[in-house]
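Structure record follows, encoded as structure tokens.
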Amino acid sequence: ARLVNEILPDYVDSITGQPITDVTEDEWKLVLAYRVQLFSDARQFDEAERWQLLRVERGRRNLEGQERQSQQRFTAEQKARIRDLSASLNGLASRQRLRGSPDCIANYRESLDLAQKIGDNASAAICAFNLGNAYADLEAIRDLDKAEMWYRCSLEWRPPQDAIGRARSLGGLGGVALGRFRESPSTAAHHLEDAAAHYEAALKLLPENAVKDLAPTHAQLGSIYGYAGQIDPAREHNREAIRNYESQGDRYEAEIGRAHV
């Protein structure tokens, strides 16, 4: 944070937030990205959104309506600009989602539309996954049917070699099934089975060093097997969750896991 604040005046105009003279677009975007991430890490989501909006607005100006052309007519430079605007909109929407704003939906959808215009399925899959998260997590718009639809789209659009991405999409589907079970545990045992199947499938795709994904996947499986009354596998998954949380220095989640062992 100290370093970013120190170099900020060398790259960003203090009044307009735009690049100063002789600073390249890529340099400006890099400094801006660090600025946004620092505000997000500090949970200052309004400030993170304000700075991310600068990048979206500049992306729109750089594009100047070129996204309205047919996919076949885009040059490599135009595709790069469309991809950049799509990524900027996805970043803006994610900051809005973190502060609980339903406004994220429109920006995720626009980001998705832009990715699809240039045939960028990998980026479209990320947008679809984030739309699933929004409908699953935001109380004001919670809709598990829509969340499931977008998670399935995300899984369909993930490249076969994107094991971690596919695991995340499967985890999203597992979370939907678990959410349905929690809404009606006495009459929805099959949802618990679906949740276990999705998370187990996700676990098989994750490499051993993907600790940030392994930890919550094991934690969810621990909860699922706990609900099912299968104590031994529940404890084993909770222990694995703790081990992976500790390996990344997340003591808070590790302590939560210990409460369930």
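Numbering starts at 1 and runs along the sequence shown.
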task: Quick one: do S40 and Q52 satisfy side-chain contact (heavy atoms from CB on, under 4.5 Å)? Show the steps, please.
output: CA-CA 11 Å; S40 295; Q52 182 67 22; over 6 Å; no
Problem set entry | Evaluation steps, side-chain contact (heavy atoms from CB on, under 4.5 Å), between L178 and Y227 | CA-CA 10 Å; L178 187 56; Y227 284 130; 4.1 Å; yes
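Scored by the side chain to side chain contact (heavy atoms under 4.5 Å, CB included) test, A87 finds no partners at all (sequence neighbours excluded). Annotation: side chain to side chain contact (heavy atoms under 4.5 Å, CB included) contacts of V211 (sequence neighbours excluded): N244, S247, Q248. Not counting sequence neighbours, the partners of D103 by the side chain to side chain contact (heavy atoms under 4.5 Å, CB included) test are Q96, S101. Scored by the side chain to side chain contact (heavy atoms under 4.5 Å, CB included) test, D41 finds Q37 as partners (sequence neighbours excluded). The salt bridge (charged side-chain N to carboxylate O under 4.0 Å, His left out) check on R50 picks up E47, with sequence neighbours excluded. Partners of R55 by salt bridge (charged side-chain N to carboxylate O under 4.0 Å, His left out), not counting sequence neighbours, listed by chain and number: D84. In this structure, F45 has no ring pair (Phe, Tyr, Trp, His ring centres under 6.0 Å) partners at least two apart in sequence or on a different chain.
Within the structure, salt bridge (charged side-chain N to carboxylate O under 4.0 Å, His left out) pairs that include any residue of residues 5-25 comprise R2-E6, E25-R58 (at least two apart or interchain). Pairs passing the salt bridge (charged side-chain N to carboxylate O under 4.0 Å, His left out) check and including a residue from residues 144-158, sequence neighbours excluded, read D145-R180, E148-R152, E148-R180, R158-D162. Under the salt bridge (charged side-chain N to carboxylate O under 4.0 Å, His left out) criterion, no residue pair touches residues 196-212, with sequence neighbours excluded. Sorted by first and then second residue, the pairs that involve residues 90-129 and meet ring pair (Phe, Tyr, Trp, His ring centres under 6.0 Å), not counting sequence neighbours, are F129-Y151. For the salt bridge (charged side-chain N to carboxylate O under 4.0 Å, His left out) condition, the pairs that include at least one residue of residues 128-143, sequence neighbours left out, are R142-E183.
No path of Ile, Leu, Val, Met, Phe, Trp and Tyr side chains, each step under 4.5 Å between heavy atoms, connects I105 with L98, placing them in separate hydrophobic clusters. No path of Ile, Leu, Val, Met, Phe, Trp and Tyr side chains, each step under 4.5 Å between heavy atoms, connects I126 with I82, placing them in separate hydrophobic clusters. When the side chains of ILVMFWY residues are joined at heavy-atom separations under 4.5 Å, either directly or via intervening members, L38 and V36 end up in two distinct hydrophobic clusters. Hydrophobic clustering (ILVMFWY, side-chain heavy atoms < 4.5 Å, transitive): F39 and L92 are in distinct clusters. Cluster membership check: W51 does not share its hydrophobic cluster with L30, using side-chain heavy-atom separations under 4.5 Å among Ile, Leu, Val, Met, Phe, Trp and Tyr.
Closest of all the heavy-atom pairs between R95 and A48 is CG-CB, 3.7 Å. When every heavy atom of N90 is checked against every heavy atom of N130, the shortest pair comes out as OD1-ND2, 3.0 Å. When all heavy atoms are compared, the tightest approach of G59 to L85 is C-CD1, 4.1 Å. Nearest heavy atom pair, residue V176 against residue A147, reads CG2-CB, 4.0 Å. Residue W28 comes nearest to G17 through the heavy atom pair NE1-O, 3.0 Å, listed as atom of the first residue, atom of the second, then distance. When all heavy atoms are compared, the tightest approach of L170 to H198 is O-CB, 3.4 Å.
Other residues, nucleotides and ligands contribute at most 12 non-hydrogen atoms within 6.0 Å of the CZ atom of R43.
N5 is listed as a side-chain neighbour of R35, based on a closest heavy-atom distance under 4.5 Å. Considering only heavy atoms from C-beta on, T217 stays 4.5 Å or farther from Q220 through its side chain. For the pair R60 and E57, the minimum side-chain heavy-atom distance is 4.5 Å or more.
Only one option out of L205, L203, I164 pairs with D213 in a side chain to side chain contact (heavy atoms under 4.5 Å, CB included); it is I164.
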